[in-house]
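What follows is a short report on a single structure.
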Amino acid sequence: MEPIYLDYAASTPVDPRVLAVMLPYFHESFGNPSSVHRYGQQAEAAVETARETIAATLNCRPEEIIFTSCGSESDNLALRGVAMAMREKTGANWILTSRAEHPAVSKTAIQLEKQHGFQVEWLPVDKFGIVRPETLEKAICNNTAIVSVMYSNNEIGAINPIRELAAVCRAHNVPFHTDAVQAAAYLPVNVQALSVDLMSLGAHKYYGPKGIGALYIRKGTPIASILTGGGQEFGMRAGTSNVPLIVGFAEALRLAAEERAARTASLQPLRDHLIGAVLESIPYVRLTGPIENRMPNHASFVFKDVDGNLLLNLLDAAGFACSSGSACKTGNPEPSDVINALGLSRDWALGSLRITLGSDTTPAHIDAFLQVLPGLVQKSRSLTRG
Ligand SMILES: *Cc1c(COP(=O)(O)O)cnc(C)c1O
């Protein structure tokens, strides 16, 4: 039997329509967009068309989009670049971010604190993993260099109230960054409606290729480059533009926006069925993240007295590809920071499981999964207890 993929929050297959528009830029139109001749002009035109497509989806200007190598780099550029530039400009040296961020944000904040003299304040989340605007309102001050709160959480599916959080930042004149790498697959990414100053994206979470990301930077936001060299990307990010991947990024984002309602309508009922059945059929289980304000393809749980890694391996052996907290394969038995931020006791926090649906998921896949899960949870419980 073919394994069943239920880990679309970790990565997605490239949409054949996306691959088709990328292919000519590997071989026929291979020029360097910085070159003067017509090979260069052709490549440059492809990059600028992609930038315009993305700008139309985000409702911003093309020159406010910077291409990067991945979602992680976009997060790094936002935090590092704005923290450095804000301190230079105003002396502000505090970074406010939440306890439930992706490591691309949290590890960057920790390095800025340890090695560059910034101070980090970690905003607590509620029991659903959401940052409350009141929490930010209490913490923000005129020494804050940047606030970074993710749009939706990859591990627990929680959607943060980005407009409200951005409004708090705007009232205090502090740049606001959101990591939308996970959110862009299903949520609107209109940067004017959201009122964000910086937004990170990564194509492989919405049926685009790996190795390409972008950062939206609102005009006038203080930011320093973190990758110096040639003048590409308006001097913000050196390195020869990865033309095929940029073209693929734009097409994948365009399709995600165009098909957003249809994709949600097809997956959300399946997801709801999955959540309902798991909560009903298995003892000592809790949903992690909220039931409302949740990514439409996302289900995540903790099982009491279960070793999450063991459960993942049992599922894999049974032909189901899922994930625990995050995609890390370190064999680290500790709960992730996100799971820890929810305030669960250890006997619950160690047993996390994430199931994320996508383009190839069928009702039959979900039924097959629901057939095996209760037995495998029970098996990992008895093995864990020894
Ligand atoms: C996947 C992910 C990232 C990292 O993106 P890469 O392109 O894999 O570097 C960052 N933040 C969130 C929320 C993600 O889901």
Side-chain angles (χ1 to χ4, degrees), residues 5-14 18 54 65-80 97-111 125 129-131 148-160 162 165 176-187 189 194 196 198-216 226-227 237 239 242 245-246 248-250 252-253 256 288-289 293-300 321-330 336-339 341 352 354-358:
Y5 187 77
L6 294 170
D7 200 13
Y8 288 83
S11 199
T12 59
V14 175
V18 171
I54 297 163
I65 309 284
I66 300 299
F67 290 113
T68 65
S69 68
C70 57
S72 299
E73 188 192 326
S74 300
D75 287 341
N76 271 259
L77 174 56
L79 257 77
R80 221 181 283 287
T97 187
S98 91
R99 287 188 194 284
E101 293 297 311
H102 189 277
V105 167
S106 56
K107 294 263 169 74
T108 304
I110 288 168
Q111 199 198 52
V125 295
I130 287 176
V131 180
S148 182
V149 177
M150 73 204 310
Y151 191 172
S152 78
N153 188 292
N154 47 306
E155 293 185 42
I156 56 171
I159 300 172
N160 277 307
I162 292 304
L165 295 167
F176 180 66
H177 167 249
T178 193
D179 173 346
V181 176
Q182 196 64 231
Y186 294 98
L187 305 180
V189 284
L194 292 169
V196 298
L198 304 111
M199 184 168 76
S200 299
L201 299 170
H204 78 99
K205 302 293 174 66
Y206 47 84
Y207 306 101
K210 293 171 187 60
I212 182 75
L215 181 66
Y216 159 73
I226 63 166
L227 189 49
R237 200 269 184 187
N242 196 332
L245 270 64
I246 287 172
F249 179 113
L253 185 67
T288 51
N293 298 321
R294 180 177 192 100
M295 289 293 279
N297 69 325
H298 195 294
S300 58
C322 308
S323 165
S324 59
S326 65
C328 301
K329 261 205 253 182
T330 49
S336 71
D337 290 342
V338 174
I339 300 291
S352 68
R354 177 183 79 183
I355 305 105
T356 45
L357 321 187

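Remember, it's a predicted structure, so these values are computed and weren't measured experimentally. For ligands, and for the atoms within them, numbers begin at 1 and follow the listed sequence.
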TODO: Taking all non-hydrogen atoms of both residues into account, name the closest pair between Thr97 and Ala109 and its distance.
DONE: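 Reported closest heavy-atom pair: CG2-CB, 4.3 Å.
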Task: Closest non-hydrogen atom pair, Thr68 against Arg237 - done: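 Closest approach of Thr68 to Arg237: CA-NE, 3.9 Å.
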Open item on the list: For ligand 1, give me the residues whose heavy-atom distance to it is below 4.0 Å, by chain and number please.
Closed with: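 Close residues (ligand 1, cut-off 4.0 Å): Cys70, Gly71, Ser72, Asp75, His102, Met150, Asn154, Asp179, Val181, Gln182, His204, Lys205.
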Task: Spatial distance of atom OG1 (Thr178) from atom OH (Tyr151) [nearest 0.5 Å] - done: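 So the OG1 of Thr178 and the OH of Tyr151 are separated by 8.0 Å.
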Task: salt bridge (Lys or Arg N to Asp or Glu O under 4.0 Å) contacts in which one or both residues fall within residues 200-211, not counting sequence neighbours - done: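 Found none.
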Task: Thr356 side chain reached by Met295 side chain, heavy atoms, under 4.5 Å - done: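 Sidechains of Thr356 and Met295: no contact.
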Open item on the list: I want to check something: taking the side chain as every heavy atom from C-beta on, are Ile54 and Phe67 in contact at a cut-off of under 4.5 Å?
Closed with: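 With C-beta onward as the side chain, the pair touches.
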